[in-house]
Amino acid sequence: MKIATWNVNSIRSRFDHLVKWLHQFQPDVVLLQELKLMSELFPHEQLLDEGYQAAVLGQKTYNGVAILSKHRIEDITYGFENNPLPEEARYIDALIDGSVRIASVYVPNGQNTESPKYPNKLKFIDALRAAVQIRIYENTPYIIGGDFNIAPHDLDATNPDRWKGDVPFTAAERQGYNQLMHLGLHDAVRIKHPYTSQSAPDVMSWWDYRGGSFEKNDGLRIDHILMCPLATDMWTDAGTDRTPRTWEKPSDHTPVWCDLNMTQY
DNA sequence: ATGACATAGCCCCTATGA
């Protein structure tokens with residue numbers, strides 16, 4: 001089962017890219033972020049024509065998350081308990097094919113350490129951890145993918161010196177992220193490309209629109225697919241697909257994906 | 001230090017992103 005996550009930066013602006021990418025990559029499940037439209041405007045019918053059902057939590061102008069699936073979608077949960085930003089559309093999960101629960105998350109950016117949005121980002125990560133812990137205890141394989149807006153390690157930036165001490169690179173963000181990981185989650189891409197003294201050039205997921213960052217491969221790895229232990233046992237492969245970032249008028253993010261072997265389960 | 005790009009909404013300027 002191929003699972004991917006992609007911050008599309010407006011589904012209306014990126015719809016042609018999405019359909020083109022679905023055709024060529026053939027994912028089973030796609031986690032979307034930054035839809036930037038209300039749920040009732042989501043293009044369900046056009047995606048059904050492509051073979052994908054969708055669970056959607058939309059919002060006008062900002063945020064918005066969704067799950068696309070070729071397999072049946074059941075038991076959709078919108079948001080999570082004790083979310084400090086309940087009016088913002090940042091989390092959705094659903095049971096896929098009766099066998100794995102998959103979440104799409106859009107963690108707040110936080111702007112900068114002086115902004116009031118920054119402590120809200122940290123609170124969001126803490127509350128998310130508590131919600132994920134409950135999901136893991138449910139004993140159904142659980143995967144959470146999305147735009148975490150955190151580079152967990154210095155090797156998750158091409159030029160870490162530029163970001164030191166700033167969002168999304170601060171010690172407090174990383175501490176929150178690490179506490180989430182310590183529930184027993186595994187990072188799908190870092191199984192394939194472990195942290196070494198050399199930064200892997202092909203693990204970045206975001207490049208600034210400005211300054212020709214993509215052409216210089218001056219990026220960040222802030223989009224992640226995290227797997228609970230039961231899901232990790234099914235892991236076979238993972239990576240990024242940067243081809244959509246090369247297309248005309250792209251999202252600033254590119255898809256991150258992993259592959260699971262469902263038959264061994 | 002600043003601005004560089006892009007998106008949506010409302011409307012030609014602001015908020016937001018990372």
Side-chain angles (χ1 to χ4, degrees), chain A residues 5-18 31-43 56-66 84-85 87-91 104-125 128 145-177 189 199 203-224 240 242 244-256:
Chain A
T5 181
W6 189 9
N7 179 327
V8 290
N9 187 16
S10 166
I11 191 164
R12 281 180 290 201
S13 290
R14 225 65 62 203
F15 191 72
D16 293 346
H17 280 32
L18 177 61
L31 311 172
L32 298 174
Q33 300 88 37
E34 284 211 84
L35 304 177
K36 294 186 172 181
L37 91 176
M38 293 182 285
S39 299
E40 49 267 46
L41 298 176
F42 190 86
V56 178
L57 181 61
Q59 181 184 332
K60 189 176 181 178
T61 310
Y62 301 118
N63 312 314
V65 288
L85 303 168
E87 72 289 353
E88 300 185 4
R90 296 185 177 275
Y91 180 97
S104 176
V105 68
Y106 178 48
V107 174
N109 169 291
Q111 289 188 329
N112 58 70
T113 56
E114 307 307 313
S115 167
K117 292 178 188 294
Y118 179 70
N120 285 336
K121 177 181 192 175
L122 300 178
K123 284 180 199 150
F124 182 95
I125 296 161
L128 180 66
D147 178 357
F148 285 77
N149 270 316
I150 298 172
H153 192 285
D154 284 358
L155 293 174
D156 294 319
T158 317
N159 294 309
D161 291 345
R162 147 132 39 112
W163 300 96
K164 287 261 168 75
D166 290 331
V167 167
F169 233 70
T170 66
E173 291 167 84
R174 286 179 174 175
Q175 182 176 42
Y177 181 86
V189 167
S199 184
V203 296
M204 301 306 156
S205 66
W206 173 87
W207 299 263
D208 201 309
Y209 284 121
R210 298 164 290 187
S213 299
F214 182 67
E215 289 69 26
K216 300 174 191 164
N217 189 27
D218 179 6
L220 293 174
R221 193 180 78 96
I222 52 176
D223 300 87
H224 311 297
T240 63
R242 57 213 291 166
R245 191 62 176 79
T246 70
W247 296 340
E248 192 85 12
K249 293 198 65 88
S251 169
D252 44 356
H253 297 252
T254 214
V256 174

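Note on naming: letters A, B, ... go to the chains in the order of the sequence lines (proteins, then strands), and numbering restarts at 1 for each one. Since we're looking at a predicted model, the values are computed, not measured.
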- B/S/- contact track for nucleotides 6-15 of chain B, protein heavy atom under 4.0 Å: SSSS-----B

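Spacing between atom NZ of A/K121 and atom P of B/dT16 amounts to 15 Å, rounded to whole angstrom units. Residue A/Y118 contributes atom OH, which lies 17 Å from atom C1' of B/dG17 at whole-angstrom precision. Rounding to whole angstrom units, CG of residue A/L85 and C1' of B/dG17 are separated by 15 Å.
Contacts between residues 105-114 of chain A and DNA chain B, counted as heavy-atom distances below 4.0 Å, involve A/Y106, A/N109, A/Q111.
Here the straight-line distance linking atom OG of A/S251 with atom OH of A/Y209 works out to 5.0 Å at 0.5 Å rounding. To the nearest 0.5 Å, atoms CG (A/N149) and CG (A/N109) are separated by 5.0 Å. In this structure, the separation between CZ on A/R174 and CZ on A/F169 is 4.5 Å, given to the nearest 0.5 Å. For the atom pair CH2 of A/W6 and CG of A/D223, the computed distance is 11.5 Å after rounding to the nearest 0.5 Å.
Here the shortest heavy-atom pairing between A/K164 and A/D154 reads CE-OD2, 3.3 Å. Nearest heavy atom pair, residue A/P244 against residue A/P255, reads CG-CD, 3.7 Å.
On the P atoms, B/dC11 is 24 Å away from B/dA6, given to the nearest whole Å. Between B/dG9 and B/dG3, the distance separating the two P atoms is 26 Å to the nearest Å. Comparing the P positions of B/dA4 and B/dT14 gives a spacing of 15 Å, expressed to the nearest Å. Going from the P atom of B/dC13 to that of B/dA1 covers 29 Å, rounded to whole Å. Taking atom P on both B/dA8 and B/dT2, the two are 28 Å apart, rounded to the nearest angstrom.
The residue A/N63 sits apart from the nucleic acid: no heavy atom pair falls under 4.0 Å. Contact annotation for A/W206: backbone-only contact, meaning every heavy-atom pair under 4.0 Å involves sugar-phosphate atoms and none involves a base. Residue-level contact check: A/D223 touches neither bases nor backbone, having no heavy atom under 4.0 Å from any strand.
With sequence neighbours left out, the ring-ring contact (aromatic ring centres under 6.0 Å, His included) criterion links A/Y91 to A/F80.
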Scan the side chains in residues 36-43 of chain A for donor-acceptor partners under 3.5 Å anywhere in the protein, sequence neighbours excluded, and list what turns up.
from	atom 1	to	atom 2	distance (Å)
A/K36	NZ	A/N9	OD1	2.9
A/S39	OG	A/G58	N	2.7

Can you check nucleotides 1-4 of chain B for protein contacts, nitrogen or oxygen pairs under 3.5 Å, and list what you find?
from	atom 1	to	atom 2	distance (Å)
B/dA4	N6	A/R210	NH1	3.0
B/dA4	N1	A/R210	NH1	3.4

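Salt bridge annotation for A/R210-A/D218: absent, with no cationic side-chain nitrogen under 4.0 angstrom from a carboxylate oxygen.
The salt bridge (charged side-chain N to carboxylate O under 4.0 Å, His left out) analysis of residues 108-125 of chain A, with sequence neighbours excluded, yields the pairs A/K121-A/E173.
The aromatic rings of A/W247 and A/H17 lie perpendicular to each other, with more than 60° between the two planes, well past the 30° mark.
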